Amino acid sequence: MIKVKDISKHFGKVKAVDTISFEVQEQENLILLGTSGCGKTTTLKMINRLIEPTSGSIFINGKNIADEQPETLRRGIGYVLQNNGLFPHYTVAENIAVVPQLLKWDKKKIADRTAELMEKLHLSSDYLHAYPNELSGGQQQRIGLARALVSDPPVLLMDEPFGALDNVTRASIHKEFKALDELKRKTIIMVTHDVQEAFELGDRICLMDKGKIIQSGTPTDLLFSPPNNFVKDFLKDQRLQLEFKAIRLLDIWDLLPDLHKTDQSPTISANTNLWTGLEQFKFTDSETISISKDQNEIKIIGFEQLMSAFNQYKNKQGHE
Amino acid sequence: MNEHQQTLLEFMQQQADKLAVQTMQHIGLTFISLFFAVLIGLPLGIVIARKRQLSGSVLGFAGVLQTIPSIALLGFMIPLLGIGPKPAIVALLLYALLPIIRNTYTGITGVDAAVKEAATAMGMSKWQILFKVELPLAMPVILAGIRTATVINVGVATLASFIAAGGLGEFIFGGISLNNTNMILAGAIPAALLAIIFDFLLSLVQKLNFRKLKRSSYALPIVLLLLSSFYFIPTAYGSKLTAGFTPEFMGRQDGNLGLESKYGLKIHTIVISDAVMYKAAYQKELDVISGYSTDGRLKAYGLVVLDDDKGIFPPYYAAPIVRNDALKKFPELERTLNLLSGKINDSVMTDLNYRTDYLHQSPERVAKDFLVNHKLFKPARKANEENIVRIGSKIFGEQYILANMYSMLIKGYTNYDVSTKTGLGGTKICFDALTNNQIDFYPEYTGTGLLAILQASSKTINEVTKNKDSTYNYVQREFKKQYQISWLKPIGFNNAYALMMREQQAKSLNIKTISNLKRYLNSK
Ligand SMILES: Nc1ncnc2c1ncn2[C@@H]1O[C@H](COP(=O)(O)OP(=O)(O)O)[C@@H](O)[C@H]1O
Ligand SMILES: [Mg+2]
């Protein structure tokens with residue numbers, strides 16, 4: 001869907017982005033991860049031509065974006081900024097309506113679509129006529145997301161979209177983000193410096209440093225097959241938590257025994273990660289949890305079985 | 001105090017018509033120029049916000065314009081645009097430019113980069129970003145600039161009266177030259193009120209929230225145009241000829257008021273400063289002007305004086321006035337000064353003035369040439385440094401010439417030494433110097449003595465200004481009585497107020513007197 005080929009961006013002597021390439025599949029959620037100043041934003045902005053690359057090319061659906069009108073290109077790409085970039089002189093409704101108006105939608109269509117998004121993003125329609133400075137940070141961020149989604153663009157670029165939020169708000173927005181059907185259909189490139197966020201939201205992650213991509217792969221790839229110490233060190237501090245988040249119950253399914261007990265707690269899907277499994281013990285306060293795979297196979301397991309399977313899995317990864 | 005306020009109010013009531021006209025003109029001038037300043041300044045501000053490398057030179061240039069003194073700027077405009085509203089509007093516009101350009105620039109460059117980036121990223125074109133994002137967000141700052149410009153313009157517009165563009169300056173500067181406090185206040189108070197009111201109204205607009213601002217930014221140009229049109233409402237009654245009178249002349253009984261009451265003269269009149277009046281008459285922008293009968297520019301610009309056949313202008317015969325104790329101290333002084341008496345008539349004085357004012361010859365040379373031609377000149381004798389005669393003069397050309405002549409005569413005919421204190425401001429300064437024994441004599445005019453120094457009652461004035469001798473006799477008698485100062489024999493010329501026209505036009509219309517002028521204006 002999106003193909004980035006050997007792009008570089010030099011600001012004078014600074015090589016902000018240095019010959020990087022990656023591809024994003026349709027409906028995939030790719031994370032650009034790295035410390036501040038490593039070139040993530042620059043990379044992202046080259047995709048909607050807010051910045052023109054020094055060299056290299058970018059293709060969306062096989063078309064070189066350099067051949068398109070920048071305005072036309074941008075109207076087909078949603079963009080969410082860290083500090084939301086809402087227009088302070090527009091109401092919420094007017095902010096959301098910016099792109100539809102550029103696309104010359106009629107009033108009714110704009111109003112309907114706005115109402116739909118407000119509901120999906122759990123925003124009361126009372127806010128439609130408020131100005132951005134009358135809203136909380138979390139609400140502003142949602143409006144920023146609504147503005148980017150309103151014309152249902154196939155591609156969404158997000159630059160540290162949750163960076164300005166406190167941890168509690170961020171966690172709840174992460175949940176909504178994953179649950180939002182609008183986003184499931186989209187090809188998303190998201191920039192973050194937060195490893196947890198990257199592992200939580202990303203299908204694949206490009207770990208960047210000093211303008212280059214150090215590793216690009218799934219969260220488990222980063223955890224269990226790092227090409228060098230940089231990646232290892234980058235993940236070191238939060239390794240255990242990351243592993244719980246990266247490994248799905250499905251990955252260790254074969255290593256899990258079935259205790260054949262009866263269990264009252266709600267069944268969780270094997271598609272969820274280990275972290276969710278562990279949380280289930282806490283929420284239900286029971287000795288065992290039940291996990292279902294493909295709706296038909298169900299295993300009842302205890303905490304020890306889960307941890308033992310996890311350790312076996314890790315050992316296996318280490319030997320590959 | 002109470003009485004004073006009442007008289008101001010009375011003055012304003014009495015002059016209500018004029019006050020209304022001047023106020024309208026003032027508002028009109030302010031906003032026509034503001035309108036054009038916005039029309040030019042706003043796009044310029046936008047351009048330099050886009051191309052920042054230009055901002056230094058454009059802002060610098062507008063800044064320099066603003067440092068030019070207003071009178072000088074108006075002066076520069078006259079050769080380019082003549083007199084009247086055009087040069088005044090251009091000058092005001094230039095003053096208003098800087099705050100508008102600067103605030104547009106600051107407003108636009110101050111818009112949050114993230115907001116601009118968001119607008120770009122959503123696919124807005126440059127123009128869409130300008131009109132939908134940058135200008136609305138910069139609007140409060142731009143409005144602040146317009147507000148500053150408005151207040152500046154209300155102030156500078158008072159000077160428009162110098163070049164015949166009207167406005168409240170007519171009262172203010174007329175009042176200053178007539179030393180009429182009520183008249184000054186009748187112009188200054190409304191001007192200050194206008195500044196305060198517009199400042200307040202614009203501050204309200206500035207504080208509007210974005211929603212209301214959007215609506216009012218459409219209304220603004222309309223309001224501007226409406227206020228601008230005020231200038232054209234009071235177009236004065238037309239007549240065949242146009243007169244240009246100084247603010248001072250406008251307010252004097254022995255000026256325009258007398259022309260109206262004694263001659264019944266009704267002429268389309270604009271108020272203009274003495275500095276540009278003569279030239280404007282020469283350039284046919286004006287037909288009739290109020291000047292001084294011995295002014296050198298009369299000759300330079302081919303103008304003739306109309307005969308004051310009903311005698312409304314009091315005689316201003318020039319004669320040296322001397323303190324009595326100086327006459328005693330310098331026994332030969334009176335005889336020496338009287339050498340000049342009767343030697344210089346109006347046309348001779350005009351010619352002498354023409355040489356200094358227009359040909360830029362030095363007063364000293366002009367004085368000497370005259371004395372030599374009239375066989376009055378004698379080379380300086382050896383002076384006795386104990387006996388110094390101190391000569392004073394007012395601050396204009398004619399007085400310099402006379403002071404030089406007297407100096408040469410004293411040196412040539414007596415053994416006294418001479419020191420001259422020329423350029424002593426106006427009448428009051430000169431006369432105070434004389435009474436306080438700082439100078440011994442200076443040339444004064446009978447009319448000035450009567451009106452400015454003695455401040456005679458209007459009854460007396462009516463009586464004694466019938467002819468030149470009765471005026472002279474009256475001031476001579478009163479000065480002796482009140483100040484122990486003597487009027488020596490008149491020099492000969494009468495530097496009075498006069499109406500003048502271009503010689504050619506006067507001839508072709510067969511106008512020789514003010515009554516002729518009136519008859520011509522009334523015919524058909
Ligand atoms: N407009 C610019 N001019 C000069 N240097 C820039 C500019 N934008 C970014 N840089 C530099 O490029 C590098 C990468 O910046 P950026 O892409 O914003 O990093 P990140 O988003 O990963 O924090 C930094 O060293 C930054 O200082
Ligand atoms: Mg960044």
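All values reported here derive from a predicted model rather than from experimental measurement. Letters A, B, ... are given to chains in the order of the sequence lines, protein chains preceding strands, and every chain is numbered from 1.
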D199(B) side, atom CG; L201(B) side, atom CG - distance, nearest 0.5 Å:
9.0 Å
If you tally heavy-atom pairs under 4.5 Å against chain B, which of [options] wins?
options: L50(A), V99(A), N48(A); answer: L50(A)
options: L102(A), L86(A), N83(A), V80(A); answer: L102(A)
options: K45(A), R49(A), Q82(A), E94(A); answer: K45(A)

Which is it for Y131(A) and Y90(A) under the ring pair (Phe, Tyr, Trp, His ring centres under 6.0 Å) test, yes or no, and what are the steps along the way?
CA-CA 6 Å; Y131(A) 283 90; Y90(A) 277 17; 9.0 Å; no
Mark yes when over 12 heavy atoms from residues, nucleotides or ligands other than K86(B) sit less than 6.0 Å from its NZ; otherwise mark no.
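Atom NZ in K86(B) is not packed in, count stays at 12 or less.
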SB check E23(A) R204(A) (cutoff 4.0 Å):
no
Please classify the contact between [X] and chain A as side chain, backbone, both or neither, with a heavy-atom cut-off of under 4.5 Å.
X: K116(B); value: neither
X: M124(B); value: both
X: A113(B); value: neither
X: Q128(B); value: side chain

Strictly under 6.0 Å, is that where the ring centroids of F31(B) and F198(B) end up?
yes
Parallel, tilted or perpendicular: rings of W127(B) and F131(B) (30°, 60°):
parallel
